[in-house]
Amino acid sequence: MSYRSYPKLELHLHLEGGAPPAFIRGLAKEKGIDIHKIFDEQGGYAYRDFDHFLRVYEAACTTLQGPEDFRRLVLAVLEESAANGVIYLETFLSPDFCGGGDLEAWRDYLGAMTDAAAQAERDFGITLKGIITCIRHNGPEQAKTVARCAVETKGDFITGFGMAGAELMGRPGDFAYSFDMAREAGLRITCHAGEWGGPDMVADTIRDLRPERIGHGINAAKDLALVDQIAEQGIVLEVCPGSNVFLNAVESWEKHPIRLLRDRGVKVTVSTDDPPFFHTTMTREYDMMAENYGWDEADFAELNKTALEAAFCDAATRERIAKKLEAAQ
Ligand code: HPA
Ligand code: ZN
C-alpha cells in the first residue's frame, strides 16, 4: 500500500531544493549555462556529501535568474507536492538567490512567486506559505539584509523567518540580531539546528534565537535532558528522515531518532527538505515510516495535527486546512 493519496502537511522544504533536475537542465539550456558536472549519468543531482551538496545546490541556482524562473519553479514544485497528497506546504525562500538581498528586486521575485502560489491553489488545491531564510554560510551581515527583506514583505504569504546553510559555520548567537528583528516584526521563527551540530548547537539555538520550531533537531536525541526540555517547551521539530539517511546524518531509517523523540513527548512533523536531491517525496517518507516503524493512519493523523498546530499561518487558513483534512483523512 502507498500513502500517495493520504492528505499531508509539509513544513520544511527549500524551494530551490524542490527543483526537478530536468527543470534546472531546461533553464541551463535556455541560458547557455554549462552545469553538466552537477548531474550524474541518470540525470539526477550528483554530490559527495553535505558541503558538496550545498555547492551543487548553489550551482543549480545559478540557472534561476529572474522572477519568471521562480514563477515556473513554484508551479513545478507545487504540482509535484500536490501529486503526493500535500494540501498545505511551507517553503523556505532565500532572497540571496533572488536579487542577492536587494529589497526592490526581492519584491519582484516575491510578486511572481505569490502569483504562482495563487494559481497553484486554484489548479492543484494546495496552499503555500513562505518562510524567508538567511543562509548561515553567507554570514551575519547578509543575514541582517535578508531579515530586512523579511520584515518589509511580511504578510499573508510571508509568515516566517529562518536560517539554512552550513550549520557548523559560526554560532547561533551571531545571528541573534536578525532573528530579534524578525520576531519583533511578528514573523514566526524556525531555524536549522542539530542536523550536523550536536546537542550544544540545538541548545544554543533555543537560547539565542528562540525558535518555535527547529529544522531537523535530531542530534538533540543525544542528550535526553535536552529532549525533555524541547518537549516541555513545546518546540516542534521539522524532521526530514529521508534527507538524514540520504546525507548520512543518520545511519539508517531503523536507527533514526524520530521514534525516540516522539515517544519522549517531543512534537515531531515530517518533511522532505530537498526532495529530488534526496530521491524522496512525501509519499516515500510516509511509505518508509509505515514500512520501518509500522506507523499507520492513526500515527499519520497525529503528525498532521501537530503540523497544523505548528503551521505558520493565520487562523482562517488553519481552519480551512483542518476542514480539508477532516474530509480527506
Ligand atoms: N540543509 C541546510 N541548508 C540547506 C538545505 C538543507 O537541507 N537545503 C538548502 N539549504
Ligand atoms: Zn532543510
Side-chain angles (χ1 to χ4, degrees), residues 10-21 23-24 38 44-64 70 73-74 77 81 86 89-98 129-139 142-143 146 160-170 172 175 178 189-198 201-202 205 209 211-220 236-250 256 258 268-282 285 307 310 312:
E10 178 169 27
L11 302 182
H12 187 122
L13 179 138
H14 301 261
L15 179 66
E16 306 85 8
F23 177 89
I24 294 295
I38 72 168
Y45 294 111
Y47 53 90
R48 292 180 298 277
D49 53 28
F50 180 66
D51 284 340
H52 192 212
F53 156 77
L54 289 176
R55 288 206 298 279
V56 165
Y57 189 104
E58 286 174 5
C61 287
T62 62
T63 67
L64 292 160
F70 274 84
L73 177 60
V74 167
V77 169
S81 290
V86 178
L89 174 68
E90 289 180 10
T91 182
F92 299 124
L93 304 173
S94 303
D96 294 54
F97 297 127
C98 300
K129 299 288 176 192
I131 299 170
I132 293 192
T133 311
C134 62
I135 298 176
R136 199 182 306 239
H137 55 264
N138 291 346
Q142 178 66 6
V146 172
F161 181 74
M163 178 159 64
E167 187 186 337
L168 302 179
M169 289 186 66
F175 299 89
S178 297
I189 303 294
T190 178
C191 185
H192 282 63
E195 178 188 15
W196 305 105
M201 195 67 88
V202 178
T205 300
L209 307 180
E212 298 171 55
R213 304 192 327 221
I214 291 178
H216 299 285
I218 50 169
N219 286 337
V236 174
L237 300 190
E238 302 154 7
V239 184
C240 309
S243 159
N244 298 148
V245 173
F246 196 84
L247 285 173
N248 284 318
V250 299
H256 196 285
I258 188 170
V268 300
T269 61
V270 168
S271 298
T272 57
D273 214 4
D274 305 277
F277 280 88
F278 307 141
H279 300 271
T280 195
T281 59
M282 280 298 273
E285 298 294 318
F312 291 170

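All ligand and atom numbering here is 1-based and tracks the order in the structure. What's counted below: heavy atoms across the whole structure, side chains too, no hydrogens, waters or symmetry copies. Please read all numbers here as calculations on a predicted model, not as lab measurements.
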Between H192 and H14, what is the ring plane arrangement, given parallel below 30°, perpendicular above 60°, and tilted in between?
-> tilted
What distance separates E16 CD from L64 CG, expressed to the nearest 0.5 Å?
-> 7.0 Å
Between E285 and T272, a side-chain donor and acceptor under 3.5 Å = no
Residue among E238, E212, R213 satisfying side-chain hydrogen bond (donor to acceptor under 3.5 Å, both in side chains) with T190 = E238
Can you check whether F92 and F97 have ring centres sitting under 6.0 Å from each other?
-> no
Kindly assign one of parallel, tilted or perpendicular to the pair Y47 and F277, based on the angle between their ring planes and the thresholds 30° and 60°.
-> tilted
To the nearest 0.5 Å, how far apart are CD1 in I189 and OG1 in T205?
-> 12.5 Å
Distances for all N or O pairs of ligand 1 and the protein under 3.5 Å?
unit_1, atom_1, unit_2, atom_2, d
ligand 1, 3 (N), G165, N, 2.9
ligand 1, 7 (O), D273, OD1, 3.3
ligand 1, 7 (O), D273, OD2, 2.9
ligand 1, 7 (O), D274, OD2, 2.9
ligand 1, 8 (N), D274, OD1, 3.1
ligand 1, 8 (N), D274, OD2, 3.1

Parallel, tilted or perpendicular, as decided by the 30° and 60° cut-offs, for the rings of H216 and H12 | perpendicular
Using a distance-only test with no angle check, is there a side-chain donor-acceptor pair under 3.5 angstrom linking E10 and S81?
-> no
Around the Zn ion (ligand 2), what protein N, O or S atoms are found below 2.8 Å?
-> H12 NE2, H14 NE2, H192 NE2, D273 OD1
